[in-house]
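Read the structure below first, then the notes.
Order of the sequence lines sets the chain letters (A, B, ...), proteins ahead of strands, with each chain counted from 1. All heavy atoms count here, side chains included; hydrogens, waters and symmetry mates do not.
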Amino acid sequence: MIDLSRRADEIAPGLLGAVIRRGPVAVRLTEVEAYLGADDPASHAYRGERGRAAVMFGAPGTIYVYVSYGIHRAGNIVCSPAGQASAVLMRAGELVAGADIARERRGLAPDRPDTLLAKGPGNLGRALGLDLLDNGQPLGGPGDLFELTEPGPGPGGILVGPRIGITRAVDAPLRFWLADEPTVSARRRGEPWRG
DNA sequence: CATAGGATTATCT
DNA sequence: GATAATCCTATGC
(Lines give C-alpha, C1' and ligand atoms only; values in the text may rest on other atoms or scores of the structure.)
Protein backbone atom coordinates (compact mmCIF):
# COMPACT_ATOMS: atom_id res chain seq x y z
CA MET A 1 0.00 0.00 0.00
CA ILE A 2 1.16 3.47 -0.80
CA ASP A 3 2.26 5.52 2.20
CA LEU A 4 -0.12 8.46 2.39
CA SER A 5 1.04 9.83 5.73
CA ARG A 6 3.40 12.34 4.16
CA ARG A 7 2.45 15.70 2.76
CA ALA A 8 0.46 15.80 -0.47
CA ASP A 9 3.16 17.49 -2.51
CA GLU A 10 5.52 14.60 -1.73
CA ILE A 11 2.91 11.96 -2.48
CA ALA A 12 1.18 13.40 -5.53
CA PRO A 13 3.85 12.54 -8.11
CA GLY A 14 3.98 9.00 -6.77
CA LEU A 15 0.27 8.56 -7.29
CA LEU A 16 0.63 9.02 -11.02
CA GLY A 17 0.01 5.65 -12.61
CA ALA A 18 -1.83 4.37 -9.55
CA VAL A 19 -5.33 2.97 -10.07
CA ILE A 20 -8.25 4.35 -8.10
CA ARG A 21 -11.30 2.12 -8.12
CA ARG A 22 -14.83 2.96 -7.00
CA GLY A 23 -17.09 -0.05 -7.31
CA PRO A 24 -16.88 -1.44 -10.85
CA VAL A 25 -15.12 1.58 -12.34
CA ALA A 26 -11.36 2.04 -12.11
CA VAL A 27 -9.16 4.85 -13.36
CA ARG A 28 -5.39 5.01 -13.76
CA LEU A 29 -4.35 8.46 -12.62
CA THR A 30 -2.48 10.54 -15.17
CA GLU A 31 -2.91 14.02 -13.67
CA VAL A 32 -3.11 15.19 -10.04
CA GLU A 33 -2.70 18.32 -7.98
CA ALA A 34 -1.49 18.73 -4.39
CA TYR A 35 -3.31 20.93 -1.91
CA LEU A 36 -1.63 21.64 1.39
CA GLY A 37 -2.94 22.94 4.67
CA ALA A 38 -2.30 26.16 6.54
CA ASP A 39 0.49 27.19 4.18
CA ASP A 40 -1.63 26.91 1.04
CA PRO A 41 -4.13 29.75 0.45
CA ALA A 42 -5.70 27.77 -2.39
CA SER A 43 -6.51 24.83 -0.11
CA HIS A 44 -9.90 24.34 1.47
CA ALA A 45 -8.03 23.57 4.69
CA TYR A 46 -6.35 26.97 4.71
CA ARG A 47 -8.86 28.36 7.17
CA GLY A 48 -8.54 25.47 9.54
CA GLU A 49 -10.44 22.36 10.54
CA ARG A 50 -13.95 23.56 9.81
CA GLY A 51 -16.74 22.81 7.40
CA ARG A 52 -16.03 20.26 4.76
CA ALA A 53 -12.30 20.81 5.08
CA ALA A 54 -12.48 18.84 8.32
CA VAL A 55 -12.20 15.67 6.25
CA MET A 56 -8.77 16.82 5.10
CA PHE A 57 -7.61 16.69 8.71
CA GLY A 58 -8.69 13.08 9.03
CA ALA A 59 -6.76 9.87 8.52
CA PRO A 60 -4.59 9.54 5.41
CA GLY A 61 -6.33 7.47 2.76
CA THR A 62 -9.69 9.10 3.30
CA ILE A 63 -11.68 10.22 0.27
CA TYR A 64 -12.59 13.90 0.19
CA VAL A 65 -15.38 14.86 -2.20
CA TYR A 66 -16.50 18.44 -2.77
CA VAL A 67 -18.86 20.21 -5.13
CA SER A 68 -17.20 22.42 -7.70
CA TYR A 69 -19.24 25.07 -9.47
CA GLY A 70 -22.42 23.34 -8.40
CA ILE A 71 -22.16 20.62 -11.01
CA HIS A 72 -18.84 18.84 -10.59
CA ARG A 73 -17.98 16.28 -7.95
CA ALA A 74 -14.24 16.42 -7.46
CA GLY A 75 -12.37 13.69 -5.59
CA ASN A 76 -9.30 13.96 -3.39
CA ILE A 77 -7.15 11.49 -1.52
CA VAL A 78 -6.38 12.80 1.97
CA CYS A 79 -2.70 12.79 2.92
CA SER A 80 -0.61 13.72 5.97
CA PRO A 81 -1.05 12.21 9.45
CA ALA A 82 -4.40 12.74 11.15
CA GLY A 83 -4.54 16.27 12.52
CA GLN A 84 -2.60 17.70 9.60
CA ALA A 85 -4.30 18.64 6.36
CA SER A 86 -3.23 17.98 2.80
CA ALA A 87 -4.80 16.18 -0.12
CA VAL A 88 -4.23 15.12 -3.70
CA LEU A 89 -6.89 16.23 -6.17
CA MET A 90 -7.49 13.67 -8.89
CA ARG A 91 -7.65 15.66 -12.10
CA ALA A 92 -7.59 13.12 -14.91
CA GLY A 93 -7.08 9.46 -15.65
CA GLU A 94 -7.40 6.55 -18.02
CA LEU A 95 -10.31 4.12 -17.68
CA VAL A 96 -8.99 0.64 -16.94
CA ALA A 97 -12.30 -0.93 -15.83
CA GLY A 98 -15.97 -0.16 -16.25
CA ALA A 99 -15.45 2.11 -19.24
CA ASP A 100 -18.92 1.22 -20.47
CA ILE A 101 -20.44 2.37 -17.18
CA ALA A 102 -18.40 5.55 -17.23
CA ARG A 103 -19.49 6.25 -20.78
CA GLU A 104 -23.11 5.87 -19.78
CA ARG A 105 -22.66 8.18 -16.77
CA ARG A 106 -20.95 10.76 -18.92
CA GLY A 107 -23.48 10.45 -21.70
CA LEU A 108 -20.54 10.43 -24.07
CA ALA A 109 -21.40 9.97 -27.73
CA PRO A 110 -20.37 6.58 -29.15
CA ASP A 111 -17.98 8.17 -31.61
CA ARG A 112 -16.04 10.02 -28.91
CA PRO A 113 -12.81 8.40 -27.66
CA ASP A 114 -12.45 6.82 -24.22
CA THR A 115 -9.69 9.30 -23.44
CA LEU A 116 -12.36 11.93 -22.77
CA LEU A 117 -14.14 9.86 -20.11
CA ALA A 118 -12.05 11.01 -17.15
CA LYS A 119 -10.36 14.12 -18.51
CA GLY A 120 -10.69 16.93 -15.97
CA PRO A 121 -11.73 16.73 -12.30
CA GLY A 122 -15.44 17.05 -12.98
CA ASN A 123 -15.42 14.44 -15.70
CA LEU A 124 -13.32 12.06 -13.61
CA GLY A 125 -15.77 12.46 -10.76
CA ARG A 126 -18.72 11.69 -12.99
CA ALA A 127 -16.97 8.71 -14.54
CA LEU A 128 -16.26 7.21 -11.13
CA GLY A 129 -19.76 8.02 -9.94
CA LEU A 130 -18.53 10.14 -7.05
CA ASP A 131 -21.23 11.26 -4.65
CA LEU A 132 -21.18 13.56 -1.66
CA LEU A 133 -22.02 10.52 0.42
CA ASP A 134 -18.56 9.23 -0.50
CA ASN A 135 -17.01 12.11 1.41
CA GLY A 136 -15.04 10.74 4.34
CA GLN A 137 -15.03 7.16 3.08
CA PRO A 138 -11.74 5.28 3.46
CA LEU A 139 -9.67 3.64 0.78
CA GLY A 140 -10.00 -0.06 1.41
CA GLY A 141 -9.34 -3.37 -0.24
CA PRO A 142 -10.86 -5.40 -3.06
CA GLY A 143 -14.15 -5.81 -1.20
CA ASP A 144 -14.63 -2.15 -0.36
CA LEU A 145 -16.18 0.68 -2.33
CA PHE A 146 -12.86 2.43 -2.85
CA GLU A 147 -9.50 0.85 -3.55
CA LEU A 148 -6.12 2.25 -4.50
CA THR A 149 -3.51 0.02 -6.10
CA GLU A 150 0.19 0.52 -6.63
CA PRO A 151 1.30 2.47 -9.64
CA GLY A 152 2.87 0.62 -12.52
CA PRO A 153 6.10 1.74 -14.13
CA GLY A 154 5.36 4.78 -16.23
CA PRO A 155 7.04 4.81 -19.63
CA GLY A 156 6.89 8.58 -19.84
CA GLY A 157 8.27 11.10 -17.40
CA ILE A 158 6.50 13.15 -14.78
CA LEU A 159 5.93 16.81 -15.58
CA VAL A 160 5.30 19.59 -13.09
CA GLY A 161 3.60 22.95 -13.41
CA PRO A 162 1.26 25.44 -11.77
CA ARG A 163 -2.21 24.38 -10.71
CA ILE A 164 -5.30 25.07 -12.78
CA GLY A 165 -8.46 27.00 -12.09
CA ILE A 166 -7.40 28.68 -8.86
CA THR A 167 -7.01 32.34 -7.97
CA ARG A 168 -4.55 32.14 -5.08
CA ALA A 169 -1.06 30.67 -4.96
CA VAL A 170 -1.33 30.39 -8.73
CA ASP A 171 2.39 29.95 -9.24
CA ALA A 172 2.99 27.06 -6.87
CA PRO A 173 4.28 24.09 -8.89
CA LEU A 174 1.88 21.55 -7.43
CA ARG A 175 0.30 20.06 -10.55
CA PHE A 176 1.78 16.77 -11.70
CA TRP A 177 1.01 14.80 -14.83
CA LEU A 178 2.44 12.05 -17.00
CA ALA A 179 4.09 12.90 -20.29
CA ASP A 180 2.55 11.68 -23.52
CA GLU A 181 -0.79 10.75 -21.98
CA PRO A 182 -3.85 11.60 -24.10
CA THR A 183 -6.07 11.63 -21.01
CA VAL A 184 -4.33 14.59 -19.38
CA SER A 185 -6.48 17.70 -19.44
CA ALA A 186 -5.51 20.78 -21.41
CA ARG A 187 -2.43 22.68 -20.34
CA ARG A 188 -4.09 26.02 -19.90
CA ARG A 189 -2.00 28.42 -17.91
CA GLY A 190 1.71 27.85 -17.94
CA GLU A 191 3.98 25.13 -19.19
CA PRO A 192 5.90 22.40 -17.37
CA TRP A 193 9.24 23.45 -16.03
CA ARG A 194 10.55 20.31 -14.41
CA GLY A 195 10.38 16.69 -15.30
C1' DC B 1 -23.09 33.24 12.57
C1' DA B 2 -21.63 28.92 10.35
C1' DT B 3 -22.38 25.32 7.17
C1' DA B 4 -24.18 22.84 2.88
C1' DG B 5 -25.19 22.58 -1.62
C1' DG B 6 -26.42 24.25 -6.14
C1' DA B 7 -25.19 27.66 -9.69
C1' DT B 8 -22.41 31.33 -13.46
C1' DT B 9 -19.06 33.58 -15.87
C1' DA B 10 -14.16 33.98 -17.18
C1' DT B 11 -10.70 31.43 -19.45
C1' DC B 12 -9.04 28.11 -22.49
C1' DT B 13 -9.49 25.04 -26.69
C1' DG C 1 -18.14 25.04 -27.03
C1' DA C 2 -16.35 23.07 -22.69
C1' DT C 3 -14.43 23.37 -18.22
C1' DA C 4 -13.42 25.05 -13.64
C1' DA C 5 -10.22 24.24 -5.28
C1' DT C 6 -15.34 30.38 -6.69
C1' DC C 7 -19.43 32.46 -4.99
C1' DC C 8 -23.97 33.13 -3.23
C1' DT C 9 -28.10 31.85 -0.84
C1' DA C 10 -31.04 28.99 2.07
C1' DT C 11 -31.25 26.65 6.15
C1' DG C 12 -29.97 25.38 10.83
C1' DC C 13 -27.65 26.22 15.17
Below 4.0 angstrom, N of the basic side chain to O of the carboxylate: do A:D40 and A:R163 qualify?
yes

Looking across every strand, which nucleic acid part, if any, lies under 4.0 Å from A:Y64 by heavy atom: base, sugar-phosphate, or nothing?
base

Heavy atoms only: give me the nearest A:D114-A:R103 pair and the separation to one decimal.
OD1-NH2, 2.6 Å

Identify which nucleotide among C:dA4, C:dT6, B:dG6 has an atom closest to any side-chain atom of A:L132, counting heavy atoms from C-beta outward.
B:dG6

Closest to the A:V67 side chain, choosing from B:dG6, C:dT3, C:dT6:
B:dG6

Between C:dG1 atom P and A:R112 atom CZ, what is the distance in whole Å?
14 Å

In whole angstrom, what separates A:R73's CZ from C:dT3's P?
16 Å

What is the separation between atom NE2 on A:H44 and atom P on B:dA2, rounded to the nearest whole Å?
18 Å

Ignoring hydrogens and angles, state whether a donor on the side chain of A:T30 or A:T183 is under 3.5 Å from an acceptor on the partner side chain.
yes

For atom CD1 of A:I71 and atom C1' of B:dT9, their distance in whole Å
11 Å

Once you round it to whole Å, what is the distance between P of B:dG5 and CG of A:D131?
10 Å

Would you say A:R52 places a side-chain N or O within less than 4.0 Å of OP1 or OP2 belonging to B:dT3?
no

Closest heavy-atom contact between A:G37 and A:S43?
O-CB, 4.2 Å

Can you check whether A:R47 has a side-chain N or O nearer than 4.0 Å to OP1 or OP2 of B:dA2?
no

Looking at C:dT3 and A:Y69: do their rings stack (centroid distance under 5.5 Å, interplanar angle under 30°)?
no

Calculate the interatomic distance between A:E49 atom CD and B:dA2 atom C1'; express it in whole Å.
15 Å

For the pair made of CZ in A:R163 and C1' in C:dT6, what is the distance, rounded to whole Å?
15 Å

Quick check on contacts: within residues 119-130 of chain A, what sits under 4.0 Å from DNA chain C by heavy-atom distance?
A:G120, A:P121, A:G122, A:N123

Working to the nearest 0.5 angstrom, can you tell me the gap between A:S86 OG and A:F57 CZ?
10.0 Å

Rounded to the nearest Å, what distance is computed from the CD atom of residue A:E33 to the C1' atom of nucleotide C:dT3?
13 Å

For residues A:Y35 and A:H44, establish whether the separation of their ring centroids is below 6.0 Å.
no

dist A:R22:CZ -> A:D131:CG (nearest 0.5 Å) comes out at 6.5 Å

